[in-house]
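See structure below.
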Amino acid sequence: MKKLTFLSVIALLVFSLILSGCVPTKNKSSNNNSSGNEDGDGPIEVTIFTPKLGSDDDFSHNEFTKEMEEKLNIKIKWEYANQDAAQEKRSLSLASGDYPDAFWLVTWIDPITKVEAQKYGKEGVLLPLNDLIKEHAPNIQKAMEDVSYLEAGITAPDGNIYGLPLLGECYHCAKYGKMWLNTDWLDKLGLEMPTTTEEFADVLRAFKNEDPNGNGKADEVPLSGESKSFENDVMTFLMNPFLPNNGKDFINVKDGKLTLAAMQPEWKDGLEYMHSLYEEGLLDQGAFTQNAEAYKQLGTPDGEQILGAGAALHPAVFADLQSEYSKSYEVVPPLEGPDGEQFTPTNYGYVNNFAFAITDKAKGKKAEALIKLADYFYTEEGALTATYGKEGVNWKEGGSDDIDLTGEQAKYVPIRHDEDEDVEQYGWGERGPLLQTREFRDSIGTSTEELSPEGYERRLYNATLKYDGFEPKESFNAEAAWVSPEEAEELNLIQLNIINYVKENSVQFITGSKDIEKEWDNYIKGFDPLQVDRYLEIYQKAYDIDKE
């Protein structure tokens, strides 16, 4: 199954500043009451903008498009932009006033941020969806009742809903601060899976000194990562035995009050631990400099296996699934720190941005038709269509031998095709408004051979179970915060400076280019001109609003 990747709040806020009822589900009858265009003559014509992910992304001749047009009595005119130009085209269209009736976006390319939703909602460019949902979208309404955080997550501070998300409750994606350890080497050296920071250091020491790959060379790299992504950064995992670290904005919550984790004494303890690993040659310098491609080469070399442990959302980040080396790595449960602390960050339970919005170009029956179209994708059939494709061609109902991720009989099973088999595209893929609850995702049949590419989702699911229960009692997700457009510009600059300062100094402390004992006080003083108080004040306001 495809994984969702979330954009950083910084990139989204920078971009925002540049920009200064019901379709019938299976076995249900339709309550569609729209007919004709605005004048009552023929289909209602609607214009939808969407990014193009490949050369075959032409939905005009797609069988699914025709089915939706017939059900809703609409005619869709698609506007496209190649994915590398999607942000620019959407920006220019909004700036010029020449924008479509609706946006149907890809979350990991160009979502509508919460800042944008407020800005263009206030200007009247984006229509409030509240009444449209109540009158024409029973499935969206039901989702707002069933998913505890959805309604609050999509409702702006002014009470209006300006967009709908692709809500993908990917269980393994949500627990992103993971570490993967070479258990073939563990077995060879007669070691156990480490449970504490001290035991983890002992394992890495053995990997470095005891030639676990057996080639007679000291070429093993005990631990590495890739710091360009917080999901693959060694600091995200290794700081959590000392205090909660989400790896992104470095904000923690205690008793309802936001604090900056990177200014706390426990942060210093974590840096000292990582420095000790680095000083012994247990932590690879490349973890702070290499890109994703170099990391992949480290984990999937042409010769002997050399990587002992890798920080990553999942092992395919550094070890190709087609390689035998990939099978060696098992997840390390959250480590216990010297003071008994043991945390893992999570992205679960938040709405970060929006993949669908209706503009003021669409009113009356146009708006009704568009919300009904969106409503279809908040059904189980809509989720199946978007995720897999057509029933009988791309997916089928599960049988007694089909097992879902929870170990029960699968509700649905993907139908796999050979790579060279010509299967016509059906559906629009995982874009636009979509409801993929954890219950839905867990119900999909997956191979029970965890180490096969077909069983990879099960492998990740079972690995993530080991991270359950270690989430901080209180947490804050800056990406999901409702920050006003007026404060966004100020916040963006403050946040960028703070994050860069924390990352640069943390790496310097870990690698020893700065002496943490001598320089820690100066490091703390260095926050004075960075407006940490204002940074926390803005987000505290957003946090308090969310809790009301």
Side-chain angles (χ1 to χ4, degrees), residues 1-9 107-108 147-149 153 166-181 183 193-197 200 225-227 229-253 261 270 309-319 329-337 341-352 404-407 436-442 444 446 450 455-480:
M1 297 175 69
K2 298 177 181 176
K3 313 298 183 297
L4 299 177
T5 305
F6 297 95
L7 298 176
S8 74
V9 67
T107 300
W108 52 269
V147 180
S148 60
Y149 58 90
L166 189 159
L167 193 82
E169 294 186 330
C170 172
Y171 171 62
H172 91 84
C173 308
K175 308 290 178 65
Y176 56 85
K178 295 189 180 76
M179 180 67 67
W180 301 84
L181 196 66
T183 52
M193 179 66 73
T195 60
T196 68
T197 51
F200 186 65
E226 185 266 303
S227 62
S229 167
F230 64 87
E231 297 169 329
N232 308 326
D233 192 336
V234 293
M235 284 183 57
T236 304
F237 179 82
L238 291 178
M239 191 60 77
N240 271 288
F242 299 89
L243 80 171
N245 170 36
N246 62 27
K248 296 181 289 184
D249 51 65
F250 310 117
I251 292 177
N252 285 340
V253 187
L313 177 63
H314 55 91
V317 167
F318 59 83
Y329 297 96
E330 293 184 16
V331 76
V332 182
L335 296 175
E336 182 179 325
E341 301 288 16
Q342 206 170 5
F343 299 105
T344 190
T346 181
N347 270 332
Y348 195 82
Y350 298 97
V351 174
N352 291 352
D404 72 11
L405 291 175
T406 69
Q436 294 176 324
T437 62
R438 180 177 173 184
E439 181 182 14
F440 165 74
R441 294 178 67 105
D442 289 356
I444 306 299
T446 309
E450 288 192 15
Y456 192 54
E457 184 79 7
R458 186 179 302 279
R459 178 183 177 188
L460 300 181
Y461 181 92
N462 288 335
T464 306
L465 289 172
K466 297 176 183 178
Y467 283 65
D468 274 356
F470 296 104
E471 306 87 348
K473 292 180 180 179
E474 300 173 275
S475 62
F476 175 74
N477 187 334
E479 291 177 317

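All residue numbers refer to positions in the sequence shown, counting from 1.
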Heavy-atom side-chain contact between K248 and N347 under 4.5 Å: yes

Could you pull out the closest heavy-atom pair between Y456 and A316, with the gap in Å? OH-N, 2.9 Å

Specify the closest pair of heavy atoms between A312 and N232, including all atoms of both residues, with the distance to one decimal. CA-OD1, 3.4 Å

If I take atom CG from residue N246 and atom CG from residue N477, how far apart are they, to the nearest 0.5 angstrom? 7.5 Å

Residues in ring pair (Phe, Tyr, Trp, His ring centres under 6.0 Å) with Y329, at least two apart? F318

Decide yes or no for M193 and L181: does some side-chain heavy atom of the first lie under 4.5 Å from some side-chain heavy atom of the second? yes

Do the side chains of N240 and P345 get nearer than 4.5 Å, heavy atoms only? yes

Of T344, T464, D468, the one forming a side chain to side chain donor-acceptor pair (under 3.5 Å) with K175 is D468

Exercise: identify the closest heavy-atom pair between A480 and N352: CB-OD1, 3.5 Å

Rounded at 0.5 Å granularity, tell me how far OG1 in T446 sits from CG in D404. 7.5 Å

Parallel, tilted or perpendicular for Y171 and Y461, by the 30°/60° rule? tilted

Separation between CG of L167 and OG1 of T437, rounded to the nearest 0.5 Å: 8.5 Å

Return the minimal non-hydrogen interatomic distance between R459 and P315, and the atom names on each side. NH2-CG, 3.8 Å

Check: E226 and V317 side chains under 4.5 Å, non-hydrogen atoms: no

Euclidean distance, Y348 OH relative to S475 OG, rounded to 0.5 Å: 13.0 Å

Any non-hydrogen side-chain atom of L238 less than 4.5 Å from a side-chain atom of F242? no

A side-chain contact here means heavy atoms from C-beta on lying under 4.5 Å apart; do Y467 and T346 qualify? no

Assess the residue pair E457 and L405 against the criterion (side-chain contact (heavy atoms from CB on, under 4.5 Å)); give the C-alpha distance rounded to whole Å, side-chain angles, the decisive distance to 0.1 Å, and a yes or no. CA-CA 8 Å; E457 184 79 7; L405 291 175; 4.0 Å; yes

Closest non-hydrogen contact found for A309 with M179 is CB-SD, 4.2 Å

Correct closest heavy-atom pair for Q436 and R441 would be OE1-NH1, 3.3 Å

Going by heavy atoms in the side chains, are V332 and F237 under 4.5 Å from each other? yes

Does a side-chain heavy-atom distance below 4.5 Å link L243 with E341? no

Hey, mind stepping through H314 and E231 against side-chain contact (heavy atoms from CB on, under 4.5 Å) and telling me if it holds? CA-CA 9 Å; H314 55 91; E231 297 169 329; over 6 Å; no

How many angstroms lie between atom CG of N245 and atom OG1 of T236, to the nearest 0.5 angstrom? 5.5 Å

Kindly compute the distance separating CZ (F230) from CE (M235), expressed to the nearest 0.5 Å. 14.0 Å

For E169 and V147, run side-chain contact (heavy atoms from CB on, under 4.5 Å): C-alpha distance rounded to whole Å, both residues' side-chain angles, the deciding distance at 0.1 Å, then the answer. CA-CA 10 Å; E169 294 186 330; V147 180; 4.0 Å; yes

